[in-house]
Visitor: 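Supplied in C-alpha cells, the structure appears directly below.
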Amino acid sequence: MLNNNKKSLLLSASVALAATLASGVQAAETLDAVKAQGMLKCGVSTGLPGFSAPDENGDWQGLDVDICRGVAAAVFDDPSKVQYVPLNAKERFTALQSGEIDMLSRNTTWTSSRDTALGLNFTGVTYYDGIGFMVNKSLGLDSAKQLSGASICVQSGTTTELNVADYFRANDMAFEPVVFDTSDQTVRGFEAGRCDVLTSDTSQLYSLRIKLSDPASAEVLPEVISKEPLGPVVRQGDEQWFDIVKWTLFAMFNAEELGVTSENVDEMKANPPNPKVARLLGVNSDFGESMGLSADWAYKIIKNVGNYEEIFARNVGKDSALEIERGLNALWTEGGLHYGPPVR
Amino acid sequence: MARPSTPPPGRQKPPFWRDPAKRALFFQAVLLLAVFGSIGAIVSNTLNNMQAMGISTGFGFLDDRAGFGIIQSLIDYSPASSYGRTFVVGLLNTLLVSALGVIAATILGFVIGIARLSPNWLLARLASAYIETFRNIPLLLQIFFWYFAVLRALPSPRDSISLGEAVFLNVRGLVMPEPLAQPGLVWTLVALVVAIVASIVLIRWNRKRQDATGERVPAGWISLGLIAGLPLLVFLISGRPLTWAMPELQGFNFKGGMTIIPEFTALWLALSIYTAAFIAEIVRSGIQAISHGQTEAARALSLSNGFTLRLVVIPQAMRVIIPPLTSQYLNLIKNSSLATAIGYPDLVAVFAGTTLNQTGQAVEVIMMTMAVYLTISLLVSMFMNWFNAHVALVER
Ligand SMILES: N[C@@H](CCC(=O)N[C@@H](CS)C(=O)NCC(=O)O)C(=O)O
C-alpha cells in the first residue's frame with residue numbers, strides 16, 4: 001500500500017525541485033508533450049463513483065473521467081489514450097504544478113486563491129455543487145442547524161474543511177473536525193461512528209453513500225451551505241493547452257444545445273441542419289487549427305465521448321445509480337447555469 | 001620557538017602558491033564560496049521560476065487567517081487563528097505524541113528485552129513472540145489496526161462505558177474530569193519542588209556516606225515518601241485548592257472535562273509497541289555483550305540477581321545500548337508523521353498537509369517542516385550523546 005503521506009511529501013519536494021531546476025517558463029509545450037507521450041496524464045480522485053472511479057473491469061468511469069476522455073479524443077481521436085493518476089485532495093495541485101499530470105479533472109472547486117496563487121488556471125465549470133451534510137437516519141435530524149457539538153468527518157485539503165468551519169462559526173455552533181486524507185478513510189470513520197456527520201460537496205455525499213455497507217441508513221440534510229463550482233485545472237502559462245481543455249467542455253455544452261449527440265453526429269456532419277452545427281463539427285471551417293488541433297476536433301469529442309447531457313445522464317444523472325437532477329447543471333436554455341460560448 | 005625572521009641564505013621564502021598552509025586556506029575559501037554561491041543561485045533561481053509559474057512565495061501567509069478547525073490543540077486555537085499558529089499547534093502535537101511514545105517505548109522495551117533473557121522459559125518465549133510479531137508488521141498497518149479495530153469495538157457516546165460516572169470511554173475517546181487550579185494551588189507545587197530538591201540532596205549524601213563508611217539509609221523509599229507526602233500535606237492544609245470540571249453528555253458529545261482522542265491513543269500505542277520491539281532487541285544485545293565473567297564475579301561477591309543486573313550488568317550494557325537507542329528515538333519521532341493516515345493532527349497533517357494545501361506554498365511549508373524534524377532530531381542526538389558521555393564507564 002502506498003503511503004499517502006510520503007507520497008504527498010514526495011510530490012511537494014518534486015515541485016520544489018522542478019521550480020529549482022527548470023530554467024524557464026513552459027510555454028505552449030503541453031500539447032506537444034502529450035502527443036509525444038502518446039497519451040494524456042489526467043489527475044482524478046482516488047475513487048468517487050459517478051465522478052471518477054474504476055469500474056469492475058478496472059476502467060475509469062465518471063463525469064470527471066469523461067472530461068479527460070474528451071480531451072484525449074480531441075487530441076488523439078481516441079478517448080482511451082488517457083493515463084489516470086488517482087490523487088487525494090492534498091496531492092492534486094502539487095501533482096499538476098510539478099508536471100506529473102497534464103490536467104486535473106477531480107471534483108475541484110474553483111476559488112480565487114487556487115486560481116491566482118498556485119500558478120494554475122481553472123478552465124470552466126463541469127458541475128455546480130455545494131457543501132451538504134450526511135448523517136445517520138437514526139439520529140432523526142431534519143436540519144443542519146441541529147448539528148451543534150457534533151463530530152464531523154471531513155477530508156483534509158478541501159474547501160469543505162474551510163467552509164464547514166465558517167458555517168458553524170456563523171451560526172454560533174461548536175463542532176469537532178475529524179480530518180482524514182482519503183475519502184475511503186472518511187467513509188470508514190463515519191461508519192465506525194467516529195463522527196456523527198460526513199460532510200463534502202453534496203454530489204459526492206450521494207456518491208460516498210453508495211460506498212456505505214448500508215446506504216439506506218444515511219440521509220443528506222437539506223441545507224447546502226456553500227458554492228462549489230467544480231472544474232478542470234491546468235498549469236498557468238500554456239495558453240494553447242488552456243484553450244484546448246476549456247473548449248473541450250464548451251464543445252460538449254454546445255453539442256447538447258444544438259442537439260448533437262454521439263448517436264447522430266455522423267449524420268449531422270454529413271448534412272449539417274444549420275451553420276452552427278456545421279461550424280461546431282468543422283464542416284467547411286477550421287476552428288481547431290488555432291488550438292493546434294484538427295478541424296473536426298469537436299466531432300471527435302462528441303463521437304467518442306458524447307455531449308454534456310449524455311455524459312451527465314450516464315454518470316450521475318437519470319441513467320446512473322446516483323440519479324441526480326440536472327438543477328443548476330441544466331443548460332442556460334433550460335434554467336440552469338451551463339452556457340457554452342459560440343463556436344465561430 | 002621563534003622563527004628566524006629572514007630566510008636562511010640560499011633559501012628564498014616560497015611564493016604563496018607553494019606554501020601548503022596558504023594553499024590549503026585558499027582552496028577552502030574557494031570551496032566555501034562555491035558552496036554558498038550555488039545555494040544562492042538555487043534559491044534565486046527557484047524564486048524566479050516560481051514567480052514565472054505564477055506561484056506565490058514568501059512567508060507572509062503565516063499571518064493569514066487559517067479558517068479550518070483542529071481537533072486537538074495544546075494551546076488556544078480556533079479557525080480564526082493564523083497559519084503560523086497552525087504550525088505551533090501541529091508542532092506541539094508532534095512533540096506530545098513523540099515524547100510520550102519515547103517514554104512508553106523505553107519502559108516497555110527494557111522490560112521485554114530483559115524478559116527475553118529470563119531463565120523462565122515461558123517469559124522468554126513470550127518476549128520473543130512479542131518482538132517477532134511487532135517488529136515484522138509494517139507500522140502503518142499497526143496504526144490502522146489500533147485505530148479501526150479498536151474504534152469499532154467501542155460504543156457510541158450515548159452508550160459509553162462509564163467508570164463512576166466520571167470517566168467515560170466511547171468511540172470519540174476517553175473523557176475524564178479536568179482539574180481546574182484554584183488560587184492556593186501554587187503552594188502545593190512549591191512543596192513538590194522542595195520535596196524533589198530535598199530528595200536529590202538526600203540521595204547524593206547517602207551515596208557519599210556509603211562510599212566513605214559503607215553504611216546506607218533507604219534513600220529511595222524516603223524520597224518517594226517525601227515527594228508524595230509533602231505536596232499532599234500542603235494540599236490538604238491549604239484547603240484542597242482544586243476543582244474538577246465533570247464531563248456531561250450533551251447532544252452528540254460530552255461537554256466539559258478533557259478528552260483523549262482515539263487518534264492520539266492509536267498512534268501512541270502503535271509507535272510505542274512497534275519501537276519497543278526494537279528497543280528490546282537492543283537491550284538484549286547490550287546485556288549479552290557483557291562477558292559472563294562479570295556476572296560470575298558479581299555472584300562470587302554474593303550479590304543478588306537484582307543487584308548484579310543493576311550494579312554490574314546494566315551500567316556496562318548502557319555503553320552498548322545508548323547509541324542504537326538514540327536511532328530508535330529518532331525513528332519514533334519521524335514515524336509519528338504517519339499520524340496523517342488516521343487524522344491525528346500532527347505537524348505533517350496540519351501544517352505540511354492542510355496549511356500547505358490551502359496556501360499552496362509548498363516550498364516554504366516543506367522547508368519549515370523539514371527544519372523542524374532536523375532540529376528535533378539534532379537536539380535528541382545531542383542530548384543522548386551528552387547522556388552517553390555522562391553514564392560512560394569510568395574505566396579503572
Ligand atoms: N470540491 C472540494 C472537495 C473535493 C474533495 O476532495 N472531496 C472529497 C469528498 S470526501 C473527495 O472527492 N475525495 C476523493 C479522493 O480523495 O480521492 C474541493 O475542491 O476542495
Side-chain angles (χ1 to χ4, degrees), chain A residues 1 3-5 8-9 11-13 15-16 18-26 89-90 92-94 97 113-114 116-120 139 146-153 156-158 161-162 164-166 168-169 175-181 185 188-189 192-196 235-237, chain B residues 42-43 45-47 49-50 52-56 66-71 78-80 138 140-141 147-148 151-152 154-157 170-172 250-253 255 259 261-263 337-343 345 348-350 352-354 356-363 365-367 369:
Chain A
M1 170 174 177
N3 170 353
N4 280 320
N5 166 26
S8 64
L9 276 185
L11 278 173
S12 307
V15 169
T20 312
L21 301 178
S23 46
V25 200
Q26 72 267 61
K90 276 198 314 199
R92 57 188 155 171
F93 300 122
T94 326
Q97 288 168 330
S113 66
R114 288 173 176 179
T116 58
L118 300 186
L120 304 175
L139 290 176
Q146 300 165 323
L147 290 179
S148 186
S151 300
I152 300 193
C153 282
S156 92
T158 58
E161 230 184 328
L162 305 176
V164 165
D166 280 357
F168 276 78
R169 217 177 149 72
F175 77 107
E176 181 192 52
V178 184
V179 184
F180 293 99
D181 269 0
Q185 287 164 351
R188 274 162 80 187
R194 178 63 186 94
C195 44
D196 308 290
R235 276 184 296 280
Q236 196 171 301
Chain B
I42 288 175
V43 168
N45 197 28
T46 306
L47 287 176
N49 284 332
M50 294 213 306
M53 286 160 77
I55 302 176
S56 353
F68 58 91
I70 302 179
I71 188 169
S78 81
L140 187 63
L141 291 185
Y147 190 55
F148 284 110
L151 215 54
R152 288 210 173 241
L154 292 174
S156 74
N170 60 47
V171 66
R172 310 283 159 79
Q250 262 177 36
F252 297 97
N253 280 313
K255 292 248 171 64
T259 307
I261 55 172
E263 289 77 21
S337 63
L338 289 172
T340 136
I342 53 165
V348 171
V350 167
T354 303
L356 187 159
N357 199 264
Q358 303 297 1
T359 60
Q361 300 206 274
V363 175
V365 168
I366 293 296
M367 273 193 334
T369 311

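Order of the sequence lines sets the chain letters (A, B, ...), proteins ahead of strands, with each chain counted from 1.
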Visitor: Highest number of heavy-atom pairs under 4.5 Å with chain B: which of Gly189(A), Gly193(A), Ser148(A), Ser156(A)?
Guide: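 Answer, by heavy-atom pair count under 4.5 Å with chain B: Gly193(A).
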
Visitor: Using non-hydrogen atoms and a 4.5 Å limit, figure out which bit of Glu176(A) sits close to chain B: side chain, backbone, both or neither.
Guide: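 Glu176(A) touches chain B through side-chain heavy atoms alone.
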
Visitor: Side chain from CB out, backbone as N, CA, C, O: work out which of these in Ser78(B) comes under 4.5 Å of a heavy atom of chain A, or both, or neither.
Guide: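 The answer is the side chain of Ser78(B).
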
Visitor: Quick one: does Ile152(A)'s side chain get under 4.5 Å of Pro177(A)'s, heavy atoms only?
Guide: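 The answer is no, as the side chains (C-beta and beyond) never meet within the 4.5 Å cut-off.
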
Visitor: Without swapping roles, check the side chain of Arg172(B) against the backbone of Ile261(B) for a donor-acceptor pair under 3.5 Å.
Guide: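 Not a single qualifying donor-acceptor pair exists.
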
Visitor: Is there a donor in the side chain of Ser151(A) and an acceptor in the side chain of Asn253(B), or the other way round, less than 3.5 Å apart?
Guide: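 Result is yes, a qualifying pair exists.
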
Visitor: Are the side chains of Gln97(A) and Leu120(A) in touch, meaning some heavy atoms are under 4.5 Å apart?
Guide: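 SC-SC contact between Gln97(A) and Leu120(A) confirmed.
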
Visitor: Please classify the contact between Leu139(A) and chain B as side chain, backbone, both or neither, with a heavy-atom cut-off of under 4.5 Å.
Guide: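 Answer is side chain: those atoms of Leu139(A) sit under 4.5 Å from chain B.
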
Visitor: In terms of heavy-atom proximity below 4.5 Å to chain A, should Glu263(B) be classed as side chain, backbone, both, or neither?
Guide: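 Just the side chain, heavy atoms under 4.5 Å.
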
Visitor: If I compare all heavy atoms of Val365(B) with all of Ala352(B), which pair ends up nearest, and what's the gap?
Guide: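 Between these two residues, the closest heavy atoms are CG1-CA, 3.6 Å.
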
Visitor: Can you give me the closest heavy-atom contact between Pro345(B) and Ile70(B), atom names plus distance?
Guide: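 Heavy atoms of Pro345(B) and Ile70(B) come nearest at CB-CG2, 3.6 Å.
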
Visitor: Which atoms of Arg169(A) come close to chain B, meaning under 4.5 Å heavy atom to heavy atom: side chain ones, backbone ones, both, or neither?
Guide: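 Only the side chain of Arg169(A) comes within 4.5 Å of chain B.
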
Visitor: With a 4.5 angstrom heavy-atom cut-off, could you sort out which part of Ile342(B) is near chain A: side chain, backbone, both or neither?
Guide: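 Ile342(B) touches chain A through backbone heavy atoms alone.
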
Visitor: Using non-hydrogen atoms only, which part of Thr354(B) is less than 4.5 Å away from chain A: side chain, backbone, both, or neither?
Guide: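 Backbone plus side chain of Thr354(B), per the 4.5 Å heavy-atom cut-off to chain A.
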
